[in-house]
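Computation of the quantities below employed the complete heavy-atom set of this structure, encompassing side-chain atoms and omitting hydrogens, waters and symmetry-equivalent molecules. Convention: sequence-line order gives letters A, B, ...; per-chain numbering from 1.
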There are 2 protein chains.
Amino acid sequence: MTEVLVRSYANGRARRQLILDEATTLFGEVGYRAASLREIAARVGISHPGLLHHFPAKQALLLAVLEHRDEVDAQRFGLDHLQGVELLRHMVDLVDFNATRPGIVELYCVLSAESTAPDHPAHAFFVSRYARSVAQCAAGFEGAQAAGLLRPGIDPDAAGRAFVALTDGLQVQWLLDRDSVDMATVLRATLAQLVVAGA
Amino acid sequence: MTEVLVRSYANGRARRQLILDEATTLFGEVGYRAASLREIAARVGISHPGLLHHFPAKQALLLAVLEHRDEVDAQRFGLDHLQGVELLRHMVDLVDFNATRPGIVELYCVLSAESTAPDHPAHAFFVSRYARSVAQCAAGFEGAQAAGLLRPGIDPDAAGRAFVALTDGLQVQWLLDRDSVDMATVLRATLAQLVVAGA
DNA sequence: CCTACCGATCGGTAGG
DNA sequence: CCTACCGATCGGTAGG
């Protein structure tokens, strides 16, 4: 009886994870507003009321998708434990890894643009996410500056903002024409212009 | 009779322009897929079949909006007649001007992301638009290099791609938090790192 | 340009 | 009391 209950919970978690995966894909493909719960549910192999049993509303599903993705990536790359130039290099590595999963890149690319509308359900999420990303990269450049690795005349805050912006812009170009764009290479070349050679 | 006919044509063109303006705004607010012809028509003050009299389908309206915008901006800033660093500086000026019209920035930001999907009606438009923009900026950096204004070790092609990417990424950040982001300042600071001082 | 519609599909919820 | 759904349908809206 305990066995049955445990398996039931496990099945529920597995199903929930499958829903998150398919929602991630479809939100990336067509955006939040144009994605339908029926299409996500169909890809999972359940009905859409079945989906709404796991996530009470479409908005809840969206926020769960975004938070789950950031959580997994933060753990995988341990960005919170890094500083200075090392942090920036790991972010380039993350971009390089993202080139193996276009669905994730699409998700953030499409949703960040869509969420610029103030009434979008993910607006607050992306406002705070960008504030955090920019501050993190700015701290990376400040650390580089403190270590004497930053070229003179560079403002760490502006460089942090530019680094995040450059990453985002490259993702759009890469999604539009994957064969012509190597995100990590352009990112590393630009980074090399900001930190002293050999750093 | 001629008078009436002329006025009729003029009214038709004015109406068509009004539709383009309102479509530009709404496409920017919610994207192409989530924008409805009924909403655009309502803002213009006509019915949605009335709108379809001027533009036979939703796709035709989208492409008319995109082409009209690029045409107007190309004429206003005369980007086609510029070369080298001058071209790049004028693009910064265009970004600065765009900070006075968030609707236009939203339009390109949201639609470029949405159009990364291969079956999106504006996909081909944005693929060729980016190829053109990147080539134009790369030519700008090549001109700077030929004039001895480019810092050594910089690849003009990568710099051109990065310049476009940086511009796009800054627009997302600006739309999310307009008070905290000055696009032109970050863009000029980055440009100053690539071309020699005082150029 | 209008009203009056179509096939379909939307997010969400009812009872079972 | 719990979970994991189903078939059917709610009020509204999509492009045409």
Side-chain angles (χ1 to χ4, degrees), chain A residues 1-24 26-27 29-65 110-111 114-115 117 119-122, chain B residues 4-23 26-27 29-65 110-111 114-115 117 119-122:
Chain A
M1 185 148 171
T2 303
E3 175 68 19
V4 171
L5 193 61
V6 167
R7 187 154 50 207
S8 175
Y9 282 148
N11 285 343
R13 278 196 300 271
R15 183 79 79 184
R16 192 186 149 93
Q17 184 57 51
L18 200 54
I19 293 169
L20 284 177
D21 291 342
E22 297 296 345
T24 297
L26 190 61
F27 285 155
E29 286 175 6
V30 302
Y32 170 74
R33 295 188 211 243
S36 75
L37 296 180
R38 279 176 171 82
E39 176 63 25
I40 297 168
R43 294 183 181 192
V44 174
I46 60 176
S47 67
H48 84 276
L51 189 156
L52 288 168
H53 168 76
H54 295 272
F55 300 92
K58 198 185 181 188
Q59 284 197 19
L61 176 59
L62 172 65
L63 295 179
V65 163
V110 173
L111 287 184
E114 205 181 24
S115 74
D119 63 336
H120 192 280
Chain B
V4 171
L5 193 62
V6 168
R7 189 153 51 208
S8 175
Y9 282 150
N11 284 344
R13 277 197 300 272
R15 182 77 79 186
R16 191 185 149 94
Q17 185 56 52
L18 199 55
I19 292 170
L20 285 177
D21 290 343
E22 297 297 343
L26 191 62
F27 286 155
E29 285 174 6
V30 301
Y32 170 75
R33 294 188 212 244
S36 75
L37 296 180
R38 281 177 169 82
E39 175 62 24
I40 297 168
R43 294 184 182 192
V44 175
I46 61 176
S47 68
H48 83 276
L51 189 157
L52 288 167
H53 166 73
H54 295 272
F55 299 93
K58 197 185 182 188
Q59 285 196 19
L61 176 58
L62 172 65
L63 296 179
V65 163
V110 173
L111 287 184
E114 205 181 23
S115 74
D119 64 335
H120 191 280

Q: Go through the structure and list residues passing side chain to side chain donor-acceptor pair (under 3.5 Å) with A:His120, not counting sequence neighbours.
A: A:Glu114
Which pairs count as salt bridge (Lys or Arg N to Asp or Glu O under 4.0 Å) when at least one residue sits in [range], sequence neighbours excluded?
| range | result |
| --- | --- |
| residues 34-54 of chain B | B:Glu29-B:Arg43, B:Glu39-B:Arg43 |
| residues 44-54 of chain B | none |
| residues 52-65 of chain A | none |

Find the distance [X]:[atom1] to [N]:[atom2] and express it as a whole number of Å.
| X | N | atom1 | atom2 | answer |
| --- | --- | --- | --- | --- |
| A:Leu26 | C:dG11 | CG | P | 10 Å |
| A:Leu52 | D:dC6 | CG | P | 12 Å |
| A:Arg16 | D:dT3 | CZ | C1' | 14 Å |
| A:His54 | C:dG12 | NE2 | C1' | 16 Å |

Q) Which residues satisfy the side-chain contact (heavy atoms from CB on, under 4.5 Å) test with A:Pro49, sequence neighbours excluded? A) A:Ser47
(Q) Suppose we screen for side-chain contact (heavy atoms from CB on, under 4.5 Å). Which residues come up paired with A:Leu20, at least two apart in sequence or across chains? (A) A:Gln17, A:Phe55, A:Leu61, A:Ala64, A:Val65, A:His68
Q: Walk me through it: do A:Leu111 and A:Tyr32 pass the test side chain to side chain contact (heavy atoms under 4.5 Å, CB included)?
A: CA-CA 7 Å; A:Leu111 287 184; A:Tyr32 170 74; 3.7 Å; yes
**Q.** Base-paired stems that DNA chain D participates in, counting runs of 3 or more Watson-Crick or G-U pairs under 3.5 Å
**A.** none
Q) Is any side-chain N or O of A:Ser47 closer than 4.0 Å to OP1 or OP2 of D:dC6? A)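 A:Ser47 to D:dC6 OP1/OP2: side-chain N or O found under 4.0 Å.
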Q: Answer yes or no: does a side-chain N or O of A:Arg15 lie under 4.0 Å from OP1 or OP2 of D:dC5?
A: yes
Q.
Please give the distance between the C1' atoms of C:dC10 and D:dC10 as a whole number of Å.
A.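 Between the two C1' atoms, the distance is 12 Å.
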Set out, line by line, the N/O atom pairs under 3.5 Å between protein and nucleotides 8-10 of chain D.
residue, atom, partner, partner atom, Å
D:dT9, O4, A:Arg38, NH2, 3.3

